Amino acid sequence: MSKKCKIIVCSIIIVVIGFILYAIYGLMLYFGVFAPRFVLKGDSHIVIEAKQEYIDEGVKAVYRGKDLSDEVTINNHIDIHKVGTYKVEYSWDKYQKRITRIVEVKDTKAPNIELKGEAKVRVFENGSYEEKGYQASDDVDGNLTSVVEVKNNIDFTKKGVYEISYTVADKSGNKQKVTREVEVCADPTNIRLQYAHDAYDNAMEEWWFVKSVDHQRTTAAMDESLLKTYDAYFQGNDEKVIYLTFDEGGSDITYIKEIAEVLNKHDVKATFFLTRNYIRMEKEFMKELVAAGHLIANHTWHHYDMTTLANEQRIDDFVLEITETEKTYMEVVGEPMKKIFRFPKGGGSERALKIMQDLGYRTYYWSHAYYDFGGDVAKEDTLKTLMDHYHNGAIYLLHPSNKGNYEAMDDFITQMKDLGYRFDTVDAIGN
């Protein structure tokens with residue numbers, strides 16, 4: 001080997017040995033062979049979210065190869081519920097070592113605002129809006145309801161969609177904003193009908209029909225063609241469809257909710273002719289019916305004989321019986337009521353039909369009913385009359401106050417579906 005090569009080899013060996021010695025020295029320092037080693041685990045400055053659990057990573061205390069971390073005293077005064085900058089102090093008194101970690105507690109989460117009532121509301125022209133309220137809270141600052149800023153730009157003189165904004169900021173400057181949509185609608189009770197109806201007969205005749213025989217379509221108090229001139233119907237088209245309708249004026253005893261459960265179980269939609277007071281008393285149930293796809297129709301405000309109001313002197317009272325119900329429905333459900341109507345007790349006249357038509361309504365009677373409003377009828381008797389008289393396009397009038405209607409409903413729907421019939425709401429008739 002040449003002298004030059006020997007020099008290169010020796011140089012490499014010296015470098016390698018030096019590196020090894022340096023590594024050994026580093027390891028000895030790390031394990032505290034020469035002097036105590038006292039260092040933080042993790043970062044010396046950390047940031048956590050308020051109310052976030054703080055988990056201390058601790059320190060490494062080593063001397064002569066032994067882990068002596070259990071000799072270290074930790075002073076931790078962090079309040080995770082309060083924004084601020086804190087110190088965690090570590091003391092190794094045996095070797096007079098001190099070390100500090102900075103912990104910064106910050107609040108970066110926006111407060112929360114919950115609106116009471118609906119996020120979308122309908123009100124009426126020249127009316128007023130009643131604030132349902134709100135609740136604002138923050139994880140750190142607690143209840144902030146009192147500092148919510150509310151901005152309301154509703155113009156009750158003009159129909160349109162408006163916005164109420166609710167804004168709140170916490171002490172750290174985090175902001176939250178939510179809005180409520182308010183639609184100003186035309187007030188249906190402002191409608192005034194120009195009376196010109198004396199030429200129409202106002203003799204009140206309670207509705208009657210001929211019960212179906214052998215499931216044939218039937219006839220009733222007025223001819224179908226005459227009824228149609230007033231947008232009125234008592235049975236649907238000649239097809240395998242049944243229209244279940246329920247009249248409810250607010251009886252003390254009613255199985256209407258139980259009936260609705262049976263209908264929903266079978267995915268059957270029905271029509272509920274309801275009075276204004278019942279709609280107002282059962283707000284949540286009304287929303288449930290609509291959400292399930294049922295039709296809520298107008299059955300007047302007071303369940304009066306409407307022919308007594310079908311004259312020039314009482315025409316405004318007649319209209320209010322209808323429009324007050326519409327208005328209450330809009331207030332409860334949040335959408336316009338479909339213009340579908342049934343006379344209380346089926347008592348109507350040509351004049352009353354014409355007035356309802358002029359108000360934009362379609363009127364619906366029935367092609368089958370039975371004496372179900374005088375007292376409970378046994379399930380078996382109810383089911384028998386329902387099955388004996390079904391026919392294509394049949395409109396059934398039923399009263400939820402009768403327990404037999406509730407008890408028979410499940411079997412009736414099942415049997416009719418087995419016969420190939422479907423169910424629909426009456427607004428499908430006449431479209």
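Everything numeric in this text was worked out from a predicted model, so none of it was measured. Keep in mind that the numbers below use all heavy atoms, side chains included, and drop hydrogens, waters and symmetry copies.
- With hydrogens and angles left out, the side-chain atoms of Asp56 and Asn76 include no donor and acceptor closer than 3.5 Å.
- Taking the side chain as every heavy atom from C-beta outward, Asn152 and Val182 never approach each other to under 4.5 Å.
- Between the CG atom in Leu193 and the CE atom in Met356 there is a gap of 10.5 Å [rounded to 0.5 Å].
- For Asp317 (side chain) and Leu309 (main-chain N/O), no donor-acceptor pair under 3.5 Å exists by modelled atom type.
- The minimum heavy-atom distance between Ala369 and Lys211, with the atom names listed, is O-CE, 4.1 Å.
- Phe341 CZ to Leu359 CG: the interatomic distance, rounded to the nearest 0.5 Å, is 9.5 Å.
- Residues Thr325 and Met337 have side chains in contact (heavy-atom distance under 4.5 Å, counting atoms from C-beta outward).
- Taking a cutoff of 4.0 Å between a charged side-chain nitrogen and a carboxylate oxygen, Asp267 and Lys269 qualify as a salt bridge.
- Between Thr385 and His368, the side chains place a donor N or O and an acceptor N or O closer than 3.5 Å (distance only, hydrogens not considered).
- No more than 12 heavy atoms of other residues, nucleotides or ligands lie within 6.0 Å of CD in Glu130, so this atom counts as exposed by the packing criterion.
- The aromatic ring centroids of Tyr86 and Tyr54 lie 6.0 Å or more from each other.
- When all heavy atoms of Thr100 and Leu40 are compared, the closest pair comes out as O-CD1, 3.6 Å.
- Under the 3.5 Å distance criterion, the side-chain polar atoms of Asn402 are left unmatched by any main-chain donor or acceptor of Leu398.
- For the ring pair (Phe, Tyr, Trp, His ring centres under 6.0 Å) criterion with Tyr396, the lone passing option out of Phe412, Tyr364, Tyr370 is Phe412.
- With contacts defined as side-chain heavy-atom distances shorter than 4.5 Å, the pair Lys97/Ile99 does not qualify.
- Atom CD of Gln96 sits in a sparse spot, with 12 or fewer heavy atoms from other residues, nucleotides or ligands closer than 6.0 Å.
- Looking only at side-chain heavy atoms (C-beta outward), Asp247 and His299 come within less than 4.5 Å of each other.
- Judged by distance alone, with hydrogens and angles left aside, the side-chain atoms of Glu335 form no donor-acceptor pair with the main-chain N or O of Val333 at under 3.5 Å.
- Closest approach of Ile355 to Ala310, counting heavy atoms only: CD1-CB, 3.9 Å.
- Counting non-hydrogen atoms of neighbouring residues, nucleotides and ligands closer than 6.0 angstrom, the NZ atom of Lys403 reaches no more than 12 such neighbours.
- No side-chain heavy atom of Gln135 sits less than 4.5 Å from a side-chain heavy atom of Asn112.
- For Asp223 (side chain) and Ser225 (main-chain N/O), a donor-acceptor pair under 3.5 Å exists by modelled atom type.
- Other residues, nucleotides and ligands place no more than 12 heavy atoms under 6.0 Å from the OH atom of Tyr406.
- Other residues, nucleotides and ligands place more than 12 heavy atoms under 6.0 Å from the CG atom of Asp238.
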Query raised in the report: Is there a side-chain contact (heavy atoms from CB on, under 4.5 Å) between Phe285 and Tyr278 once you walk through the steps?
Result: CA-CA 10 Å; Phe285 182 49; Tyr278 188 79; 4.0 Å; yes
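- Taking the six-membered ring for Trp, Phe343 and Trp207 have ring centres at least 6.0 Å apart.
- The shortest distance between side-chain heavy atoms of Ile429 and Asp424 does not fall below 4.5 Å.
- Checked by atom type, the side-chain pair Thr189/Asp187 shows a donor-acceptor distance below 3.5 Å.
- Between Ser69 and Ala61 the shortest heavy-atom distance is OG-N, 3.3 Å.
- For Phe234 and Phe209, the ring centers are positioned 6.0 Å apart or more.
- One N or O on the side chain of Asp372 and one on the backbone of His399 form a donor-acceptor pair closer than 3.5 Å.
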Requested in this report: Assess whether salt bridge (Lys or Arg N to Asp or Glu O under 4.0 Å) is satisfied between Lys82 and Asp141, documenting all intermediate values.
Outcome: CA-CA 9 Å; Lys82 186 177 180 181; Asp141 298 330; over 6 Å; no
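- With hydrogens and angles left out, the side-chain atoms of Asn202 and Ser349 include a donor and acceptor closer than 3.5 Å.
- Under the 4.0 Å criterion applied to side-chain N and carboxylate O atoms, Lys151 and Glu163 are not assigned as salt-bridge partners.
- For the atom pair CZ of Arg280 and OG1 of Thr275, the computed distance is 9.5 Å after rounding to the nearest 0.5 Å.
- Atoms OG1 and CG, on Thr271 and Asp427 in that order, are 6.5 Å from each other to the nearest 0.5 Å.
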Query - Glu321/His302 under side-chain contact (heavy atoms from CB on, under 4.5 Å): CA gap, chis, key distance, verdict - result: CA-CA 7 Å; Glu321 283 291 318; His302 293 103; 2.6 Å; yes
Report task. Test side-chain contact (heavy atoms from CB on, under 4.5 Å) on Lys287 and Glu118 and set out the steps. Result -> CA-CA 12 Å; Lys287 296 174 186 176; Glu118 302 293 334; 3.0 Å; yes
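- In this structure, Lys41 places its NZ atom where more than 12 heavy-atom neighbours from other residues, nucleotides or ligands lie under 6.0 Å away.
- Taking the six-membered ring where the residue is Trp, the centroids of Tyr421 and Tyr390 are separated by under 6.0 Å.
- For the atom pair Asn392 CG and His215 NE2, the distance stands at 10.5 Å (nearest 0.5 Å).
- Pairing each heavy atom of Met286 with each of Val332, the nearest pair is CB-CG1, 4.0 Å.
- In this structure a side-chain-to-backbone donor-acceptor pair under 3.5 Å is present from Asp107 to Lys109.
- Crowding of Lys51 atom NZ: a count of heavy atoms from other residues, nucleotides or ligands under 6.0 Å exceeding 12.
- Here the side chain of Arg351 pairs a donor or acceptor atom with the backbone of Tyr200 at under 3.5 angstrom.
- Neither side chain, Arg314 nor Tyr304, offers a donor N or O lying under 3.5 Å from an acceptor on the other.
- The shortest side-chain heavy-atom distance between Thr145 and Tyr134 falls under the 4.5 Å cut-off.
- Atom CG of Leu386 and atom CG of Asn405 lie 6.5 Å apart (nearest 0.5 Å).
- Under a cut-off of 6.0 angstrom, the local environment of NZ in Lys240 is crowded, with over 12 non-hydrogen atoms contributed by other residues, nucleotides or ligands.
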Report task. Could you walk me through whether Phe423 and His266 pass the side-chain contact (heavy atoms from CB on, under 4.5 Å) test, one step at a time? Result -> CA-CA 10 Å; Phe423 294 83; His266 290 279; over 6 Å; no
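- We find that Glu331 and Lys283 are not joined by a salt bridge, their nearest charged nitrogen and carboxylate oxygen being 4.0 Å or further apart.
- Of the listed residues (His391, Gln235, Arg217, His389), just one forms a side-chain hydrogen bond (donor to acceptor under 3.5 Å, both in side chains) with Ser367, and that residue is His391.
- Between the side chain of Arg101 and the backbone N or O of His45, no donor-acceptor pair lies under 3.5 Å.
- No donor-acceptor pair under 3.5 Å is formed between the side chain of Asp231 and the backbone N or O of Gln357.
- Here the closest heavy-atom approach between residue Gly117 and residue Arg180 is recorded as C-NH1, 4.0 Å.
- Contact check for Ile340 versus Thr425: no side-chain heavy atoms found under the 4.5 Å cut-off.
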